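Beneath this line is the structure, given in structure tokens, with notes to follow.
Since the structure is predicted, the reported quantities are computational estimates derived from the model, not experimental observations. Just so it is clear, the values below take in all heavy atoms, side chains as well, and ignore hydrogens, waters and symmetry mates. Remember, it's 1-based here, ligands and their atoms both numbered in the order they're listed.
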Amino acid sequence: MATSALEESFKENPQSLQHILPIDFHLIQEVPNSHLWPNINNSPINHDEKNPNVPIIDLLAPNVVELIGHACRTLGIFQVVNHGVPLEFFDEAESQARRLFALPAEQKVKVVRSTSGATGYGTARITPFFSKFMWHEGFTIMDSPLDHAKELWPHDYQEFCDVMENYQKKMKALSFQLWLLILNYLQPSQEHLINSFEFTQALQLNSYPCCPNPNHALGLAPHTDSLFLTILHQTNNTKGLQILKKDQGWTSIAPISNDALIVNVGDLLHILSNGEFPSVYHRVLVDQTKHRVSLAYFFGPQVDSTIVPLVSFEKNVGVVVPKYRKVKVKEYLSLKAKHLEKVFSLIRY
Ligand SMILES: C=C1C[C@]23C[C@H]1CC[C@H]2[C@@]12CCC[C@@](C)(C(=O)O1)[C@H]2[C@@H]3C(=O)O
Ligand SMILES: O=C(O)CCC(=O)C(=O)O
Ligand SMILES: [Fe+2]
């Protein structure tokens with residue numbers, strides 16, 4: 001089976017099968033104790049269901065560099081519109097994702113993530129760090145899902161592969177466009193940086209089945225994403241994503257329209273920006289009657305790249321010292337796999 005370099009970098013931190021295999025949500029009438037969280041406090045501050053709570057940025061705006069830079073610097077998350085990716089790409093990818101998650105558990109188990117792997121069907125990787133399981137099942141793709149798709153649909157795997165590969169191509173192009181805008185903001189005079197990275201990618205299909213007790217279950221536990229950028233698509237009728245705002249607590253990111261995409265800063269961009277861009281802490285709530293599916297595309301540097309904080313970024317501050325030591329992407333992922341968010345204290349000066 002073909003393995004990407006990104007997947008290889010997860011090999012040294014194997015997980016146990018009991019942490020990888022989701023329960024059979026089709027069969028469940030009641031939230032089992034293993035998945036029962038203390039009351040998930042739905043922040044009372046945000047009554048306004050329609051308030052997107054993060055900046056909405058038009059990619060065609062003349063001052064797009066400033067808008068994106070400002071959003072990255074303050075919240076670490078924003079929504080983009082006018083990104084040029086036709087709606088069909090999201091609709092097709094979502095319907096293929098739903099087709100996969102609708103399969104019976106015995107089928108999905110055939111492509112379960114291996115204990116030392118990173119692709120295939122299973123729980124979120126962060127599962128072992130929490131004492132309760134999440135109301136979630138995922139399918140992770142690194143480059144091509146061909147081997148897994150053949151297992152699931154021996155006579156009909158091509159459509160799934162085509163849709164997922166095309167989706168990744170579109171997201172890669174968009175990520176690169178965002179990356180250039182961000183570099184432009186960080187270091188307008190350092191053109192050499194533009195060519196100093198090669199990139200890697202992963203696509204995560206997320207499924208949050210209907211939950212009989214949404215106040216005591218979590219779709220995804222609080223986490224930050226690891227790579228440079230995440231581009232998330234959520235459909236317009238199913239909210240669920242929340243970010244942690246310093247002064248307001250957990251705040252919902254309302255989907256504004258089907259063609260808006262959520263972009264958030266990941267840990268490696270946080271480090272590269274010398275801590276200027278926060279990698280936003282987020283979680284996902286579940287719903288009693290809606291089965292939510294989301295598509296998360298992760299864009300980052302090749303695992304052999306080295307990330308060094310760009311210190312000349314902070315203008316007007318006098319002498320600027322790097323806040324983090326340089327770190328190889330592989331090493332970072334491995335430290336995070338062992339320590340989750342405590343990883344920052346391990347690489348901070
Ligand atoms: C390239 C990536 C990015 C990963 C790990 C690996 C493959 C799967 C991604 C996710 C997807 C679900 C949330 C997350 C937190 C998780 O548990 O697995 C993500 C994680 C990260 O951003 O750290
Ligand atoms: O489903 C969502 O809204 C968020 C998914 C997410 O945070 C992730 O895949 O890392
Ligand atoms: Fe995430």
Side-chain angles (χ1 to χ4, degrees), residues 3-11 13 15 19-20 22 54 76-77 79 94 97 101 113 117-130 133-143 145 168 171 175 199-209 218-236 238-244 250 252-255 260-270 279-287 290-303 329-330 332-341 343:
T3 319
S4 72
L6 181 57
E7 178 158 29
E8 290 284 330
S9 71
F10 290 93
K11 241 185 181 160
N13 295 289
Q15 300 187 313
H19 281 133
I20 298 174
V54 295
I77 187 166
Q79 303 206 39
E94 187 186 329
F101 293 119
R113 187 166 81 230
T119 60
Y121 176 71
T123 61
R125 283 204 82 81
I126 53 175
T127 297
F129 290 97
F130 300 89
F133 282 86
M134 298 164 220
W135 205 260
H136 167 271
E137 54 186 338
F139 184 83
T140 311
I141 297 169
M142 288 174 181
D143 298 333
Q168 289 179 89
M171 290 302 115
S175 302
F199 300 100
T200 189
Q201 60 179 351
L203 177 61
Q204 168 85 5
L205 315 179
N206 290 307
S207 155
Y208 309 94
L218 257 189
L220 276 184
H223 67 278
T224 61
D225 296 341
S226 301
L227 304 186
F228 276 156
L229 289 174
T230 305
I231 302 183
L232 180 84
H233 184 259
Q234 54 177 355
T235 49
N236 60 4
T238 45
K239 60 178 172 36
L241 179 65
Q242 295 192 317
I243 58 168
L244 188 59
W250 289 107
S252 292
I253 309 296
L261 293 169
I262 296 172
V263 179
N264 67 268
V265 170
D267 300 343
L268 294 177
L269 184 53
H270 171 78
S279 52
V280 66
Y281 217 40
H282 56 285
R283 69 176 189 182
V284 178
L285 302 182
V286 291
D287 193 277
K290 284 177 182 153
H291 175 195
R292 180 170 182 271
V293 166
S294 74
L295 311 165
Y297 176 85
F298 301 91
F299 177 79
Q302 279 286 326
V303 291
V329 173
K330 251 186 208 161
Y332 183 79
L333 292 174
S334 180
L335 287 170
K336 186 156 180 194
K338 290 194 186 81
H339 305 284
L340 206 57
E341 62 255 26
V343 58

Parallel, tilted or perpendicular: ring planes of Tyr121 versus Phe101, cut at 30 and 60 degrees: tilted
Among protein heavy atoms, which sits nearest to atom 3 (O) of ligand 2, and what does the distance come to when rounded to 0.1 Å? Arg292 NH2, 2.8 Å
Taking only non-hydrogen atoms of Ser294 and a 4.0 Å limit, the atoms of ligand 2 in range are 1 (O), 2 (C)
Pull out every atom of ligand 1 sitting under 4.0 Å from any heavy atom of Leu227, numbered as shown with elements. 1 (C)
Select one of side chain, backbone, both or neither to describe which atoms of Tyr297 lie under 4.0 Å from any atom of ligand 2, heavy atoms only. neither
Show the atoms of ligand 1 that are less than 4.0 angstrom away from any heavy atom in Asp225. 22 (O)
Need the ligand 1 atom indices (1-based, order shown) with element for anything under 4.0 Å from a heavy-atom of Ile126. 15 (C), 17 (O)
Taking the six-membered ring for Trp, are Tyr208 and His136 parallel (under 30°), tilted (30 to 60°) or perpendicular (over 60°)? tilted
Worked check of salt bridge (charged side-chain N to carboxylate O under 4.0 Å, His left out) between Lys336 and Asp267: CA-CA 10 Å; Lys336 186 156 180 194; Asp267 300 343; 2.7 Å; yes
Which atom pair, heavy atoms only, marks the closest approach of Lys290 to Thr238? CD-CG2, 3.5 Å
Atoms of ligand 2, numbered as shown, that sit under 4.0 Å from any heavy atom of Tyr208: 1 (O), 2 (C), 4 (C), 5 (C)
of all protein heavy atoms, closest to atom 4 (C) of ligand 2 is Val284 CG2, 3.6 Å
Which of the numbered atoms in ligand 1 are under 4.0 angstrom from any heavy atom belonging to Ala124? 17 (O)
Element-labelled atoms of ligand 2 that are located less than 4.0 Å from some non-hydrogen atom of His282: 7 (O)
Angle in degrees, rounded to 10°, that OD1 of Asp225 and NE2 of His223 form at the Fe ion (ligand 3): 90°
Heavy-atom nearest neighbour in the protein, as seen from atom 2 (C) of ligand 1, with distance rounded to 0.1 Å: Phe10 CZ, 4.2 Å
Students should be able to answer this: which protein heavy-atom is nearest to atom 6 (C) of ligand 2, and at what distance? Leu220 CD1, 3.4 Å
Which atoms of ligand 1 have any heavy atom of Ser226 under 4.0 Å away? 21 (C), 22 (O), 23 (O)
Nearest protein heavy atom with distance in Å, relative to atom 9 (O) of ligand 2: Asn206 ND2, 3.0 Å
So, 4.0 Å and heavy atoms of Arg283: is ligand 2 close enough to count as a contact? no
Under 4.0 Å between heavy atoms, the region of Thr230 that gets near ligand 2 turns out to be neither
Gln79 side-chain N/O to Val54 backbone N/O, donor-acceptor pair under 3.5 Å: no
